[in-house]
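Okay, structure first, notes after.
A note on names: the letters A, B, ... follow the listed sequences, proteins ahead of strands, and every chain is numbered from 1.
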2 protein chains.
Amino acid sequence: MTQVEPAAAETKLGRKRDHTRDPEILAAALEVLAETGFDGMTIDMVAARAKAGKATLYRRWPSKNELVIDAVACMKQADLDQSRLPDTGTLRGDLVAMIKPRSIEDAVKKMQIMAGVMSMISATPELADAANEALIKPRAAANRFLIQRAIDRGEVTPGCDIDALCLVTPAMATYRTLIERKPVDRDFLISLIDGVLLPALGLRAGDSPGAR
Amino acid sequence: MTQVEPAAAETKLGRKRDHTRDPEILAAALEVLAETGFDGMTIDMVAARAKAGKATLYRRWPSKNELVIDAVACMKQADLDQSRLPDTGTLRGDLVAMIKPRSIEDAVKKMQIMAGVMSMISATPELADAANEALIKPRAAANRFLIQRAIDRGEVTPGCDIDALCLVTPAMATYRTLIERKPVDRDFLISLIDGVLLPALGLRAGDSPGAR
DNA sequence: TCTATACGATACTGTGGAGTTCCGGATCTT
DNA sequence: AAGATCCGGAACTCCACAGTATCGTATAGA
């Protein structure tokens with residue numbers, strides 16, 4: 001259970017013992033998933049990508065479905081740690097500070113995975129939950145935290161619908177990627193912040209100017 | 001082109017001539033699509049549902065993909081006619097008036113189809129466009145129209161980000177259906193209107209009270 | 001060095017479904 | 001009435017892929 005224990009050392013050829021190859025296999029599965037989608041993905045692809053034998057996959061997971069569910073669930077990781085969120089003093093500053101190239105890249109890959117997994121989602125509630133937990137909720141939780149802090153410091157008046165508002169960004173980004181097939185870039189995110197989120201919270205984009 | 005012209009009369013057994021059976025087949029395809037998704041859907045299912053022969057489908061569409069694209073595209077219909085939108089005098093009144101059981105039902109089916117089509121969407125841009133045009137844009141256009149009218153009548157200050165705001169409802173509803181798997185019911189829509197849309201436009205839910 | 005174990009590679013099987021072909025019957029045309 | 005046309009039904013082919021079984025090899029332990 002503890003990840004520290006060196007249960008299996010690497011060997012000359014890079015192979016490992018026990019089920020230590022699981023991470024590589026799951027990572028390979030996620031890559032293939034993002035590239036080809038669930039239906040286009042074959043077990044052989046995953047095995048080849050992970051430089052593993054197909055039999056090895058079936059020794060560990062009973063079916064393709066289980067493998068995919070596991071792979072998606074394992075994305076949750078230490079994703080967005082609240083203690084590591086920006087703290088600029090203003091809500092807009094915090095929200096904008098969260099837009100980093102690295103963050104956008106991650107989000108794009110997440111959305112590709114979400115797209116690839118969509119077909120299966122309608123028939124597999126477990127997967128829907130796994131995807132939601134791993135791909136969307138972390139970001140929503142971060143938004144919730146930032147908004148709540150803005151309320152606590154008096155920047156935003158309480159009583160707003162946090163539950164709905166913290167989902168605006170993830171939901172709109174999902175829609176933009178999956179259906180509109182447009183990039184979720186910095187400009188788009190800024191326009192969401194300034195055009196939807198902040199106005200809904202009674203704030204304006206510019207700090208002082210009531211311009212326009 | 002004109003739908004009035006009785007290009008082919010019904011015969012004893014309910015069969016028709018030419019390609020007049022297309023509508024039934026497309027409708028059957030949409031049903032199966034909503035129920036089983038693109039991957040679960042087989043041509044035989046569609047043929048059986050439409051009481052048609054599989055060969056008949058292939059006489060008309062070269063492949064399963066083309067059939068699905070066509071079916072989705074044909075949903076656009078006279079969906080939300082601007083001249084038939086509610087006009088209650090207030091934006092909130094209009095938005096709430098658009099929530100009708102019939103409308104929700106439609107939206108649910110649309111979302112099921114969207115879910116069923118998702119897997120294919122990532123690999124087929126044409127289908128993404130068709131789905132967007134038929135399932136999302138009509139609603140966004142209605143929202144845009146209502147908001148613009150509110151601006152014109154002075155209820156809402158111009159300069160708001162209409163493009164983003166009119167997509168909030170469809171995007172959030174899509175997310176809620178596809179990933180959260182929760183129902184898009186009246187309460188949810190109202191909370192979106194009062195918790196996101198109207199606040200973002202500088203309006204409050206209550207008509208007069210500046211409470212809180 | 002010898003044995004046991006886990007793995008990678010590969011060949012194999014089984015099956016579901018896309019797409020094709022054929023036929024018999026019903027309708028329309030003249 | 002007799003061809004011509006279209007359709008529904010069903011049988012068929014073909015293939016991709018899930019899942020299995022086998023074998024050679026490399027590692028770990030003794």
Query raised in the report: Atom CE of A/Met41 and atom P of D/dA16: how far apart are they, to the nearest Å?
Result: 19 Å
Query raised in the report: What is the distance from CZ of B/Phe38 to P of C/dG17, rounded to the nearest Å?
Result: 13 Å
Requested in this report: Starting from P on C/dT20, measure out to CD1 on B/Ile43 and report it in whole angstrom.
Outcome: 11 Å
**Report entry** Side chain A/Arg21 and base C/dG8 donor-acceptor under 3.5 Å
**Finding:** no
Query raised in the report: With a non-hydrogen cut-off below 4.0 angstrom, is B/Met45 in contact with a base, only sugar-phosphate, or nothing?
Result: nothing
Query - Spacing of B/Asp44 atom CG relative to C/dG17 atom C1', expressed in whole Å - result: 7 Å
Requested in this report: Check whether NZ of the Lys or CZ of the Arg B/Lys64 lies under 6.0 Å from the centre of the six-membered ring of B/Phe38 and within 45 degrees of that ring's axis.
Outcome: yes
Query raised in the report: Quick one: on DNA chain D, does A/Thr42 or A/Arg59 contact a more 5' nucleotide (nearest heavy atom)?
Result: A/Thr42
Query raised in the report: With a 4.5 Å limit on heavy-atom distance, are the side chains of B/Met172 and A/Tyr175 in contact?
Result: no
Query raised in the report: For the base of D/dG19, is there a side-chain donor-acceptor partner from A/Lys64 under 3.5 Å away?
Result: no
Report summary line: A/Arg49 CZ to C/dA9 C1', in whole Å, measures 18 Å
Query raised in the report: Between C/dG17 atom C1' and B/Lys54 atom NZ, what is the distance in whole Å?
Result: 7 Å
Requested in this report: Find the distance A/Leu57:CG to D/dA21:P and express it as a whole number of Å.
Outcome: 16 Å
Query raised in the report: With side chains defined as the heavy atoms from C-beta onward, is the minimum distance between B/Val108 and B/Asp106 less than 4.5 Å?
Result: no
Query raised in the report: Atom OH of A/Tyr58 and atom C1' of C/dA6: how far apart are they, to the nearest Å?
Result: 19 Å
Query raised in the report: Which residue lies toward the 5' end of DNA chain D, B/Ala47 or A/Pro62, if each is placed at its nearest nucleotide?
Result: B/Ala47
Query raised in the report: If you check every side-chain atom of B/Ala55, which of D/dT22, D/dG19, C/dT21 has the closest atom?
Result: C/dT21
Query raised in the report: What distance separates B/Ile162 CD1 from B/Leu146 CG, expressed to the nearest 0.5 Å?
Result: 11.0 Å
Query - A/Arg60/A/Glu66 salt bridge by N-O under 4.0 Å criterion - result: no
Query raised in the report: Is there a donor N/O on one and an acceptor N/O on the other, under 3.5 Å, for the side chain of A/Lys51 and the base of C/dG8?
Result: no
